[in-house]
Amino acid sequence: MVLAKQLRGLIDAPCTLGSSHGRRNLQISPPLEASRSRKRSLATAGVAAADTSSSVSSASSLPLEPAAEISASSHPEFAAWLSDRGVDQSKITTQPVHRAGYVIDTTVAATDLREGDVILRVPEDLVVTLNSVFEDEAVAELLTTGKLSELACLTLYMMYEKKEGKKSRWYHYIKELDKQRARGQQGAKSPLLWEPGQVEEYLKGSPVQQEVRQRLQGIEKEYNELDTVWFMSGSLFNTYPYDTPTDAFSLHLFRQAFAAIQSSVVHLQGVPLSQRFAMVPLGPPLLAYSPTAKALLKYDVERKEVSLTSDRDYKAGDPILAWCGPQPNSRLLVNYGVVEDNNPYDKLMMTATIPNSDPLFKEKRAALQPAMAGLATQQSFDLKATGGLPAKLVPYLRMAHATTREQVSAAVDGIADPSRAAPLSPANEAEVLQQLAHYLSLRLSRYTTTEEEDTAAIAASRENARRGVAARLIRSEKNILNGALKEVAELVGEDVESLKKQSRLSSDIHLVKLT
């Protein structure tokens with residue numbers, strides 16, 4: 001249960017999509033066909049996984065090329081399947097684009113559109129949710145509040161559906177996802193699917209490395225629980241003439257499929273638990289996600305459909321954008337394989353810890369509770385792309401570095417109301433700013449690429465999409481850290497480069513631990 005909640009927290013956002021299966025090969029190639037053989041590649045029986053979703057706005061996205069003529073769809077069978085089931089495609093369609101040597105589909109405007117137009121309506125029976133999987137909301141909630149997350153259940157379901165081939169009701173949808181190979185509009189996979197060593201090489205210095213390791217460990221634990229779902233919901237899986245999950249699918253395949261499903265799931269609001277994670281045809285990964293968009297895929301209770309209303313005017317051929325929630329670039333990269341250059345929600349976390357060996361630990365702990373409304377002696381702060389240092393960070397560190405009871409008491413007002421914060425003493429202020437400068441400089445020193453190298457890698461994204469998207473992330477993280485360091489330099493009265501040189505010579509021994 002703890003595992004499921006942890007994974008749910010990592011991916012809990014209004015957007016997600018994709019799924020992939022290939023026993024030995026990540027890329028799934030058509031035609032789809034059923035198979036009972038444990039040795040056959042799931043590539044002929046699963047949802048595709050390769051490189052993940054996107055936000056196509058601003059400089060963060062690659063331009064569409066070539067600007068193909070807008071037609072009913074780049075996949076006529078998929079378009080016909082949607083039309084036969086009541087999906088109006090007069091306003092949006094799919095168009096093939098080139099990304100890092102691959103041709104993928106993206107959802108674009110079929111004609112000129114105006115802000116406020118309802119541009120997509122998908123009937124409820126064409127949306128894949130846990131209700132589709134279990135056909136019993138009680139069973140769905142039982143399983144997903146226990147050992148497995150919604151994504152694990154959806155992943156397992158779609159893997160078995162792909163093995164059904166043309167017999168599957170989702171055959172055409174799965175075939176379209178296979179064509180995508182889980183690639184997003186920037187042409188890169190989620191780091192969950194990168195080759196061994198690439199995460200460490202391309203993301204050196206970034207905390208995303210640790211996030212990827214933790215997510216992969218969580219996926220492996222979910223995999224080890226798959227047979228539990230099989231036996232608990234045998235009435236469903238008895239319809240598949242295949243082995244139990246861990247016999248039918250390797251961990252390697254499940255990881256591919258999980259990452260792909262993760263990049264293609266929409267998080268619907270205001271619906272029962274069993275419906276909140278949904279896969280929507282013409283939604284992601286075909287639909288471009290952007291943290292700066294305002295359009296949101298929503299469930300209409302009265303019409304029993306998922307719809308999308310345009311938040312801007314579009315010209316025919318423009319990629320359609322939808323909001324993916326307030327996600328930082330680290331989450332966008334791991335979930336969808338994309339990074340947004342102008343992401344207003346981008347942030348890096350830092351944690352300050354007052355050790356219990358501090359002679360004034362009890363006093364500080366007691367003072368923090370009423371002043372900080374629940375903040376503690378181990379406290380995390382977000383360094384944001386917009387806004388510089390968190391308002392309560394410096395007042396908190398002044399309290400943390402206090403060496404007398406009088407200083408602790410004096411710091412309380414500044415923590416509760418940063419506008420009233422003031423230095424406690426010259427020595428305390430120097431200690432706080434010196435530690436901050438040392439910490440920020442140390443984090444920056446862990447990156448091994450220069451600004452010029454990052455720019456070159458981004459420019460070469462068509463040749464190496466993974467390195468390009470990693471360089472975007474590294475650049476965004478450096479910008480956040482440099483912005484915070486600039487603010488510290490202003491408080492110290494030094495220029496940034498001088499402060500960096502001084503911090504290299506300063507001691508890392510302080511009353512407070514920063515991580």
Taking atom [atom1] as the centre, does [X] end up with more than 12 heavy-atom neighbours from other residues, nucleotides or ligands that are less than 6.0 angstrom away?
| X | atom1 | result |
| --- | --- | --- |
| K486 | NZ | no |
| E451 | CD | no |
| R213 | CZ | yes |

TODO: Could you go through the side-chain hydrogen bond (donor to acceptor under 3.5 Å, both in side chains) check for D117 and Y314 one step at a time?
DONE: CA-CA 10 Å; D117 288 348; Y314 288 101; over 6 Å; no
TODO: Report the relative orientation of the aromatic rings in Y223 and F254; use parallel for angles under 30°, tilted for 30 to 60°, perpendicular for over 60°.
DONE: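 Rings of Y223 and F254: tilted, as their planes differ by 30° to 60°.
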Ignoring hydrogens, what is the shortest heavy-atom contact between [X] and [Y]? Give both atom names and the distance.
| X | Y | answer |
| --- | --- | --- |
| D311 | K294 | OD2-N, 2.7 Å |
| P291 | C324 | N-SG, 3.8 Å |
| L383 | L440 | CD1-CD2, 4.0 Å |
| A376 | Y396 | O-OH, 2.7 Å |
| L268 | Q275 | CD1-O, 3.8 Å |

Donor-acceptor pair, side chain of [X] and main chain of [Y], under 3.5 angstrom:
| X | Y | value |
| --- | --- | --- |
| S461 | I458 | yes |
| T353 | Q378 | no |
| Q210 | P207 | no |
| S190 | L193 | no |
| N329 | L473 | no |
| N224 | E220 | yes |
| K298 | G270 | no |
| E429 | P423 | no |

Open item on the list: Within the 3.5 Å criterion, strictly below it, is a donor on Y202 or N464 matched to an acceptor on the partner's side chain?
Closed with: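 Checked: Y202/N464 side chains pair up, N/O donor to acceptor below 3.5 Å.
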Task: Test item: side-chain donor near acceptor, H252 and Q256, under 3.5 Å - done: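 There is such a pair (donor and acceptor under 3.5 Å, judged by atom type) between the side chains of H252 and Q256.
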Task: Any L130 side-chain heavy atom under 4.5 Å of F277 side chain - done: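 With C-beta onward as the side chain, the pair stays apart.
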Task: Minimum side-chain heavy-atom gap L120-L297 below 4.5 Å - done: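 In short, these two side chains touch, coming nearer than 4.5 Å.
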Open item on the list: Between D382 and K347, is the salt bridge (charged side-chain N to carboxylate O under 4.0 Å, His left out) condition met? List the steps.
Closed with: CA-CA 6 Å; D382 289 333; K347 62 184 179 181; 3.5 Å; yes
Open item on the list: Set out, in order, the CA-CA distance, both residues' side-chain angles and the distance that settles side-chain contact (heavy atoms from CB on, under 4.5 Å) for I320 and L308, then state yes or no.
Closed with: CA-CA 10 Å; I320 301 296; L308 180 68; 3.9 Å; yes
Task: D341 and R475: CA distance, side-chain angles, deciding distance, salt bridge (charged side-chain N to carboxylate O under 4.0 Å, His left out) verdict - done: CA-CA 9 Å; D341 286 342; R475 184 173 66 179; 3.5 Å; yes
Open item on the list: Can you tell me how far apart CD (E201) and OG1 (T448) are? Round to the nearest 0.5 Å.
Closed with: 9.0 Å
